[in-house]
Amino acid sequence: MTHELVASQRNRGRVIAWGLWDWGSAAFNAVIVTFIFSVYLVEGVGDDLPGPFRAATWLGLSSAAGAVLIAVLAPVLGRRADAGGARKKTLFWLTFAVVLITASLFFVESDWHFLWLGLVLLAAGSVIFELTQVPYFAMLRQVSTPDDVGRVSGFGWAMGYFGGIVLLLICYFGFVAGDGDTRGFLGVPTDNGLNIRLIAPLAAGWFLLFAIPLFLKVPELPATATPDAPKVGIADSYRGVWNDITQMWREDRSTLKFLIASAFFRDGLAGVFAYGAVLAVSVYSIDKDDVILFGVAANVISAVGALLAGRWDDSIGPRSVIVFSLVSMIVCGTVLLFVEGPRMFWIFGLGLCLFVGPAQSASRTYLTRITTPGREGQNFGLYAMTGRAVSFMAPLMFALTIWAGNLILGTDTDRWGIAGIMVVLAIGLLLLLRVPREVEDRARAIVG
């Protein structure tokens, strides 16, 4: 059954089905977490929250708690899914849980008493959504061959970006745009936040619809454990994860080095999107209404970058793609430190975004190539864990460099936060340079 661990030839239907899951998942990642529902929780539901803490503070605390849970659960989830041959089954139930939680956000009314319900649902959804990435990323090898894994990975990232753009535009023009008691071309009433709350079941339906093809087209993973192997408990699974890490340190240190390096530069990549809108308005004088347009443009150009870099990935290797992308981003970010005005931000801000998609896609490809077939869930679980372990770095450096820059230079600007994000990217780059340039895809031993 080892042939099922790796695709021996490209199956276009499976590739498209796999990519459609990413297209659909943007409903939660882009619409719920990033652009619409989290903003509604802070500015609508919790706007008049009593007490010493603002709604944004509670949102941050709930997100931090979720990050801890992801770091704790992801490695065990991936390891158990691999051993039990339950990769697709695991993804199915996690996807269904995210869809259910997303739809339940409809019940979060525009009243601070509902803030806690919203925060719990959003945090739970974020944790489970992050866990879906473990079996989903691990499926990359099942839908790609060693010759086209980069192109398939880039296609998946691009589908996620484009899916988010399409649904954001539907939500914005259908439910959000305009003034008065009704919004959007659908004329949805704003009473009790109804126009925003209706976006929740729409996003849930979108995710469910586009997730279905994957479960119909991509086969289940064969179990790596023997049929008569005893059931492994949760405690034993954690001991197994520790054994995996120590064994990796002894026998496969380059993989462990890559996991650590990628944790840093992926946190820097996340910081680019997390703080881009804030800097656009506060530093480069972009109108608040134009930030949404910039966000759409940023996602489009990131998707294009991921698609183009996929072929480059397959020809010269993923590590080279990541190194080139990180160096280019550091150059663009450094220029942004010294320029002024909206035009310069559009040019070099989009320059930054052009290389985000390639770095994300190639990072997934590199780990896939260096992973022994059948252990993808295990390694992508560790990938999620290490990423969350340093997820404080970009926010911390962003805040520290703003404080230090203003203190030393006597200014009052958020501009210096760019330097903090660039520092995190640079740390990841330096660590990545200690990882082997390229390695032979370990799946070739199976497919020839």
Side-chain angles (χ1 to χ4, degrees), residues 22 25 29 66-83 87 90-91 94 126-142 144 149-150 152-154 156-157 160 221 237-238 240-249 252-270 313 318-319 321-322 326 356-394 424 427-428 431-432 434-436 439 441-443:
D22 226 337
S25 72
N29 197 31
V68 172
L69 281 176
I70 292 165
V72 170
L73 296 175
V76 169
L77 177 78
R79 195 174 190 277
R80 290 170 69 86
D82 283 349
R87 187 177 291 169
T90 300
L91 181 61
L94 291 174
S126 297
V127 170
I128 299 173
F129 179 80
E130 193 77 17
L131 294 178
T132 65
Q133 306 295 293
V134 177
Y136 177 71
F137 284 6
M139 282 183 173
L140 174 58
R141 187 167 261 162
Q142 291 174 256
S144 65
V149 61
V152 173
S153 180
W157 276 113
L221 173 79
S237 295
Y238 279 108
V241 169
W242 176 249
N243 291 335
D244 293 339
I245 295 173
T246 55
Q247 182 179 4
M248 191 178 290
W249 174 256
D252 193 12
R253 199 166 297 183
S254 61
T255 299
L256 190 59
K257 288 180 178 179
F258 175 74
L259 289 172
I260 296 171
S262 72
F264 280 92
F265 69 70
R266 284 185 290 133
D267 193 44
L269 297 176
D313 183 321
R319 180 182 176 275
V321 173
I322 303 170
L326 295 180
V356 171
Q360 290 173 321
S361 176
S363 179
R364 176 168 66 184
T365 302
Y366 188 94
L367 184 57
T368 298
R369 290 187 185 277
I370 63 178
T371 296
T372 301
R375 294 184 179 177
E376 293 87 355
Q378 167 190 309
N379 280 1
F380 276 109
L382 294 173
Y383 187 74
M385 181 190 74
T386 52
R388 287 299 168 178
V390 301
S391 61
F392 65 92
M393 282 295 297
V424 178
I427 293 172
L431 291 173
L432 183 64
R434 298 176 61 85
V435 173
V439 293
D441 193 314
R442 292 180 179 176

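Hydrogens, waters and symmetry mates play no part in the numbers below; they use all other heavy atoms, side chains included.
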Do F265 and S363 pass the side chain to side chain contact (heavy atoms under 4.5 Å, CB included) test, and can you show the C-alpha distance, the side-chain angles, and the key distance before you say yes or no? CA-CA 10 Å; F265 69 70; S363 179; 3.8 Å; yes
Tell me the closest heavy-atom pair linking P318 and R369, and the distance in Å. CD-NE, 3.9 Å
At their closest point, which heavy atom of A394 faces which heavy atom of D267, and how far apart are they? N-OD2, 2.7 Å
Are the side chains of V435 and Y366 in contact, using a 4.5 Å heavy-atom criterion? yes
From OG1 (T386) to CG (L256), nearest 0.5 Å: 8.5 Å
Side chain to side chain contact (heavy atoms under 4.5 Å, CB included) between Q142 and E376, intermediate numbers included: CA-CA 10 Å; Q142 291 174 256; E376 293 87 355; over 6 Å; no
Could you pull out all residues at least two apart from Q133 that satisfy side chain to side chain donor-acceptor pair (under 3.5 Å)? none
Is there a side chain to side chain contact (heavy atoms under 4.5 Å, CB included) between F258 and I322? Walk through the geometry before answering. CA-CA 12 Å; F258 175 74; I322 303 170; 4.2 Å; yes
L259 side, atom CG; L382 side, atom CG - distance, nearest 0.5 Å: 6.0 Å
Could you pull out the closest heavy-atom pair between R364 and F380, with the gap in Å? O-CZ, 3.7 Å
Gap between atom CZ of F264 and atom CG of L432 - 0.5 Å precision: 13.0 Å
In this structure, CG of L326 is separated from CD1 of I427 (nearest 0.5 Å) by 12.5 Å
Under 4.5 Å between any side-chain heavy atoms of Y383 and V134, yes or no? no
In sequence, state the C-alpha distance, the side-chain angles, and the governing distance for T255 and T371, and then conclude on side chain to side chain contact (heavy atoms under 4.5 Å, CB included). CA-CA 8 Å; T255 299; T371 296; 5.5 Å; no
Restricting to non-hydrogen atoms, name the atom on D313 and the atom on G150 that form the minimum distance, rounded to 0.1 Å. CG-CA, 3.7 Å
Nearest-0.5 Å distance that lies between atom CG in L131 and atom CG in L94: 6.0 Å
Approximate separation, where rounding is to 0.5 Å, of R141 CZ and T372 OG1: 7.5 Å
Do side-chain atoms of S144 reach the backbone of L140 as a donor and acceptor pair under 3.5 angstrom? yes
Would you find more than 12 non-hydrogen atoms of other residues, nucleotides or ligands less than 6.0 Å from R434 atom CZ? no
Are any non-hydrogen side-chain atoms of E130 and L69 less than 4.5 angstrom apart? no
